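The structure under discussion appears below in the form of structure tokens.
All values below were derived from every heavy atom in this structure, side-chain atoms included, with hydrogens, water molecules and symmetry-related copies excluded. Counting starts at 1 for both ligands and their atoms, following the listed order. Since the model is a prediction, treat every value here as computed from it, not as a measurement.
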Amino acid sequence: MFNFRCALCILFFTFLLDKVDLLENGMARAPPMGWMSWGYYMCAARCEAGDDKCLDEKLILSVADAFYEEGYQEAGYEYIIIDDCWSEKKRDENGRLVADKRRFPRGMKFIADYIHSKGLKFGMYTNIADITCMQYPGSLKHMEIDAKTFAEWGVDYLKVDGCFVSEDILNKAYIQLGQHLNDTGRPMVYSCSWPYYIEFIHRKTPNYSLISKYCNLWRNYHDVQTSWLSVAAIARFYGRRYRELAPHHGPGHWNDPDMLIFGTGVLTRSQSRVQLALMAMLSAPILLSCNMKMITPYEKEILQNLDLIAIAQDPLGIMAEPHEFESTSGTATIWLKPHLPMKGDQYLSYTFAVINMENEEATGMIQLDQFPLNATDGYTVMNVFTGEYFLNVSLSDAIEVKVPGQDVAMLTLYPL
Ligand SMILES: *[C@@H]1O[C@H](CO)[C@@H](O)[C@H](O)[C@H]1NC(C)=O
Ligand SMILES: *[C@@H]1O[C@H](CO)[C@@H](O)[C@H](O)[C@H]1NC(C)=O
Ligand SMILES: *[C@@H]1O[C@H](CO)[C@@H](O)[C@H](O)[C@H]1NC(C)=O
Ligand SMILES: *[C@@H]1O[C@H](CO)[C@@H](O)[C@H](O)[C@H]1NC(C)=O
């Protein structure tokens, strides 16, 4: 009896130690998936006749319809998030934010209700200065009323930018706003841009222990641009900074490398495989930003590849670790991610993504005994992009890999 109780109390104590230091609002247990307006639409507030980019009610409802009707929702895409430029330039007489009356004539509650009626979730945006990055009203002196307004509208996810404030305000205001969100009683995913501004605007080192205590996810690096070079820069950043970022990453608290650029016409097929594989390997959010009608059939096929999504959304939420690919020609990086399913409480599955950012083909071997794999009965190997189980391996084997330029080989090893 004594032993039993002690085991329980130790268990309880470790649980506490584990948990006190992280935001526990029950949200974002897996990295959020969905759509966000900024990457492709940016402000898009002028909406003159004939503009192909307009951030308005019609756009947001069209994303909800596409998620509902075209298989995205079943694959896990859930949050539809309106970024900057959604409000009137002035608050109302009670100090409340007001949706742009011309572009959102039925208001935000209407949009939230529509999105919720499809079983999807609704996200919005603010900034912790007096104005937003695009000079709309911001939340610094209105945190309580804004938190209440978002809660009343039915917001499920709030992206909070950090333009135009000092380091000192960043370090205080994100904590305060998080408290006001909590006080509303409505669970909302809290997405912070805090470390990005600390590092790239104020040139200081972000305190990720602090940030992960208050935010469900946080932007580390520059906004993604609609170009392959931007995707490559993001990949390099997370490779370089793995050791600093990985310890703070997991269920409920994620590093956020920003949106996919699918559906914008700039990625080749193989480049789209690279961007999606990278996000899945990092256990990053998977947020589209495009006109849903512009997604190509091939992009749609890989966005709805359920083997890949299962890796991206794996409950362990581990960020893949980069390793050098010992190539005989070309250069590439091996990203390695342990994930479920697990065989007999002992042997995890592993995905290797060999990502080649260069133009030349890279060839080489993955020597399995150089990695922490340990299933003594070996593994069966699946090519994630074809779904084919093409090989069985033992721990002493090597897998030969050939990756064309700007492409990825993504192989999952399930324990036999
Ligand atoms: C508020 O914070 C408490 C303590 O961390 C947490 O248990 C609760 O789920 C939070 N509520 C909301 C609505 O975020
Ligand atoms: C970072 O934040 C943690 C948690 O709040 C704190 O214990 C630690 O002292 C901070 N580190 C620095 C360098 O400020
Ligand atoms: C195999 O590796 C897993 C994950 O690191 C570990 O939990 C497990 O104890 C290992 N099993 C054996 C038999 O080495
Ligand atoms: C791998 O091993 C399993 C179990 O023995 C077997 O069913 C399967 O056909 C093998 N696959 C390959 C590609 O050899």
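Proximity to Pro187 (heavy-atom distance under 4.0 Å) selects the following atoms of ligand 1: 13 (C). Taking every non-hydrogen atom of Gly185 and a distance limit under 4.0 Å, the qualifying atoms of ligand 1 come out as 13 (C). Near Asn392, meaning under 4.0 Å from one of its heavy atoms, ligand 4 places the atoms 1 (C), 2 (O), 3 (C), 8 (C), 10 (C), 11 (N), 12 (C), 14 (O). Applying the 4.0 Å criterion to heavy atoms of Leu210 picks out, from ligand 2, the atoms 2 (O), 5 (O).
With hydrogens left out, the protein atom closest to atom 13 (C) of ligand 4 is Leu391 N, 3.6 Å, a heavy atom. The closest protein non-hydrogen atom to atom 14 (O) of ligand 2 is Asn207 ND2, 3.5 Å. For atom 7 (O) of ligand 1, the closest non-hydrogen atom of the protein is Glu24 O, 3.8 Å.
Taking the charged nitrogens against the carboxylate oxygens, Arg91 and Asp146 do have a contact shorter than 4.0 Å, which makes a salt bridge. Salt-bridge check for Glu167 with Lys204: passed, with a basic side-chain N closer than 4.0 Å to an acidic carboxylate O.
With distances taken over non-hydrogen atoms, the option nearest atom 10 (C) of ligand 1 out of Asn182, Asn25, Asn216, Val189 is Asn182.
Note on ring orientation: taking the six-membered ring where Trp is involved, the planes of Phe237 and Tyr221 are parallel (angle under 30°, cut-offs 30° and 60°). Phe200 and Tyr196 have parallel rings, their planes meeting at less than 30° on a 0 to 90° scale where 60° marks the start of perpendicular. Classification of the His323-Phe371 ring pair by plane angle, with boundaries at 30° and 60°, yields perpendicular. Ring geometry for Tyr379 versus Tyr350: interplanar angle over 60°, hence perpendicular rather than tilted (30 to 60°).
When non-hydrogen atoms are compared, ligand 1 lies under 4.0 Å from the backbone of Arg186 (N, CA, C, O) but not from its side chain.
Remark: Lys159 is not positioned above the aromatic ring of Tyr125, lacking an NZ or CZ atom under 6.0 angstrom from the ring centre and at most 45 degrees off the axis.
Counting protein heavy atoms under 4.0 angstrom from atom 4 (C) of ligand 1 gives zero.
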